[in-house]
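All remarks here apply to the structure that follows.
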Amino acid sequence: MDLQALVDKFKVIAGVYAFDILPDGSYSEIRIMAINDLNNMMFNVYPDAPSFYPGVPLRRYFTEINLENFIYNSAVKNEPLYSYVNAFGMWIKGFYLPLDEDGNILNEKGEPNTSPRTAYCLYMTTRSEHAETDFMTQRSNTVASAIMQMSVKLDKVHHFDEAMTVGMRELRSICHAERCALYTLDNSNQKCRLYDETGKNTQRMEGIASEMGRTPYETAIAWERDLEGSDCLLLEDLHVIEERDPVWYDSMVRYGIRNMILTAIRYDHKLVGFIWATNFDTAKTMEIKEILELTTFMLGARIAHHHLVSRLEMMSKTDSLTQVLNRNAMNTRVDSLIRDVSAKPAKIGVAFADLNGLKAVNDGSGHEAGDKLLQNAAALLRIVFGEYEIYRSGGDEFVIFCPDITSEKLDESIARLRALAENTPNVSFAIGREWAEGEYNILAVMQSADKNMYADKRAYYLEHPEKNRRKSG
């Protein structure tokens, strides 16, 4: 049969692919025998793609491991396959039909043939910008059942961390993997989190990244490069990673990893995380791939929603100008220290730091200069008290809570803040502190620190009366 005439009959992108089953049971490189729309098939990955000729190697255009695996499996097992994935910035629907050498579609009940021969596969594909949920339901009973069970288990858990833990526990069982984890990524603040079957595991995440000489965020970016535009890598050995990311390959070899899965999770085409599993059951590769296609769709929406809620919550607690905690966050913290005895640290230091001369700067140089002064003041506070809780409680007033600090360290920190301020133009703090332990009242501690701060401020304005604009304001 004329293979080109065959693919020209279809109104969607269609191509016939072939490879040789070698005497030892291995496969040759996949070749494109006919294609009805070469430019579209290329997904615009390489503008300088070579000219087509029947038999041109697929990898002359691009490498897509999952596409190759589906073609191999369909043609070898005489089995029609279907995929619906988010890759190359679009949703790609694929149909794979085994052909004989004359271009006839083989009966799906035909026995797999692994004897030396040339195997053929017809691959048809359509693309869309947005997901079409109806096509996600076209799955086998096994896959549909697995997804249904996971969906039910996730819906029973409302807390995000617990839901992700349940999901990874379920996926590990489905994949028959030694390890399975979710790695979330929030590009807005370059934050990453890792969840496995035991729960949120920050220490493990940092350990993995550190061993490779990377930060957790740099690790996520490296994984995105390793995918090379695809949605997923299901690797029965690690040779692809050895080529693409030798640093990660060496790390996996040290841990005895033989095979692995890396799947990107995207929401609205934005990367929000990864799923990875190691030493999985390779006999279930195609089934696992289908399950992951739907699982990542479900998890992507949950992760994106969690990131949105987290950002909104952070905005409600953060002072937009100085990026320290705001008065609302301070009031919430004080309420918890009053109502919940277990929330009270055994000892606490409280410091009130009022920025001297802000009104004079606002009146003399404008509010933009005053805002810059507040930002500089907040920067100094973060340098000194970065490990503690810094609040902007009012216009020029900051409050610092230092749980479990010693009285000596509190004094040392305040002395360091004064020294930094002395060497920073226009920044001067009036500071009051109080330290308590045992059965203390947090409101009384704060009142005492506030009183001490005003005593320090009075002394400052006595020495610098020209900066005291509050008398007339």
Side-chain angles (χ1 to χ4, degrees), residues 313-359 373-375 377-422 427-464 467-471 473:
E313 183 179 358
M314 181 58 67
M315 288 172 62
S316 73
K317 295 180 179 180
T318 304
D319 177 62
S320 59
L321 177 64
T322 61
Q323 296 302 302
V324 299
L325 296 167
N326 62 18
R327 187 178 186 87
N328 178 55
M330 185 182 75
N331 291 339
T332 300
R333 175 64 160 144
V334 171
D335 287 343
S336 71
L337 292 173
I338 293 172
R339 289 183 287 102
D340 185 1
V341 176
S342 64
K344 288 179 60 175
K347 52 192 173 185
I348 191 168
V350 175
F352 275 59
D354 197 88
L355 185 58
N356 291 322
L358 176 62
K359 185 169 175 43
L373 181 59
L374 281 165
Q375 291 170 335
L380 297 188
L381 289 169
R382 280 194 295 270
I383 291 172
V384 177
F385 293 103
E387 62 185 300
Y388 298 111
E389 305 163 25
I390 307 170
Y391 304 91
R392 184 184 176 196
S393 60
D396 56 3
E397 191 172 88
F398 297 87
V399 178
I400 305 99
F401 284 1
C402 304
D404 300 315
I405 196 172
T406 64
S407 181
E408 292 76 16
K409 185 177 179 181
L410 178 62
D411 287 336
E412 291 171 1
S413 298
I414 290 173
R416 185 183 175 205
L417 178 62
R418 291 188 189 278
L420 285 173
E422 286 176 3
V427 177
S428 171
F429 288 107
I431 304 173
R433 55 86 80 188
E434 187 58 86
W435 182 86
E437 63 179 338
E439 297 297 325
Y440 59 85
N441 182 308
I442 187 63
L443 293 178
V445 175
M446 294 176 67
Q447 289 169 358
S448 179
D450 189 34
K451 180 180 178 180
N452 293 334
M453 182 272 291
Y454 274 108
D456 191 43
K457 181 172 284 290
R458 283 193 297 272
Y460 174 81
Y461 283 132
L462 284 173
E463 185 176 350
H464 305 280
K467 294 187 178 183
N468 189 1
R469 299 294 180 91
R470 297 189 177 191
K471 290 180 180 178

Within-4.5 Å side-chain heavy-atom neighbours: I348 and Y388: no

Minimal non-hydrogen separation, F352 against A449, with atom names: CD1-CB, 3.6 Å

Evaluate the salt bridge (Lys or Arg N to Asp or Glu O under 4.0 Å) criterion for residues R418 and D456: first the C-alpha distance (whole Å), next the side-chain angles of each, then the deciding distance (0.1 Å), finally the verdict. CA-CA 12 Å; R418 291 188 189 278; D456 191 43; 3.3 Å; yes

When you measure from the side chain of S413 to the backbone of K409, do you find a donor-acceptor pair of N or O atoms at a distance under 3.5 Å? yes

Take I414 and F385, measure what side-chain contact (heavy atoms from CB on, under 4.5 Å) needs, and give me the verdict at the end. CA-CA 9 Å; I414 290 173; F385 293 103; 4.3 Å; yes

Please answer whether the main-chain N or O of R433 pairs with a side-chain N or O of N452 as donor and acceptor at a distance below 3.5 Å. yes

How long is the straight-line distance from CE of M453 back to CZ of R458, given to the nearest 0.5 Å? 10.0 Å

Could you tell me whether the side chain of S336 and the main chain of R333 form a donor-acceptor pair under 3.5 Å? yes

If every non-hydrogen atom of A353 is compared with every non-hydrogen atom of L381, which pair is closest and at what distance? CB-CD2, 4.4 Å

What I'd like to find out is whether the side chain of V334 reaches to under 4.5 Å of the side chain of M446, using heavy atoms alone. yes

Quick one: CG on D319 to CZ on F398, what's the gap to the nearest 0.5 Å? 7.5 Å

What distance do L417 atom CG and I431 atom CD1 have between them, rounded to the nearest 0.5 Å? 4.5 Å

To the nearest 0.5 Å, how far apart are CZ in F401 and CD1 in I390? 12.5 Å

Does V427 form a side-chain contact (heavy atoms from CB on, under 4.5 Å) with L355? I'd like the steps, not just the answer. CA-CA 7 Å; V427 177; L355 185 58; 4.2 Å; yes

Which distance, rounded to the nearest 0.5 Å, do you find between the CG of L358 and the CG of L373? 6.0 Å

Output the distance between atom CG (L443) and atom OG (S448), rounded to the nearest 0.5 Å. 12.5 Å

Shortest non-hydrogen contact from V399 to S393? CG2-OG, 3.5 Å

Going by heavy atoms in the side chains, are R392 and L374 under 4.5 Å from each other? yes

Just so I know, are the side chains of T318 and Q323 near enough to count as touching, which here means a heavy-atom distance under 4.5 Å? yes

Testing the basics here: between L410 and V350, what is the closest heavy-atom pair and its distance to 0.1 Å? CD2-N, 4.4 Å

Got a donor-acceptor contact below 3.5 angstrom from the W435 side chain to the D411 backbone? no

Taking the side chain as every heavy atom from C-beta outward, state whether D450 and E397 have any pair of such atoms under 4.5 Å apart. yes

Which pair of non-hydrogen atoms, one from A378 and one from V324, has the smallest distance, and what is that distance? CB-CG1, 4.2 Å

Indicate yes or no: at least one non-hydrogen side-chain atom of I442 is less than 4.5 angstrom from one of K344. no

A side-chain contact here means heavy atoms from C-beta on lying under 4.5 Å apart; do L337 and P345 qualify? yes

Just so I know, are the side chains of K347 and S407 near enough to count as touching, which here means a heavy-atom distance under 4.5 Å? no

All heavy atoms of I405 vs all of C402, minimum pair found to be CG2-O, 3.2 Å

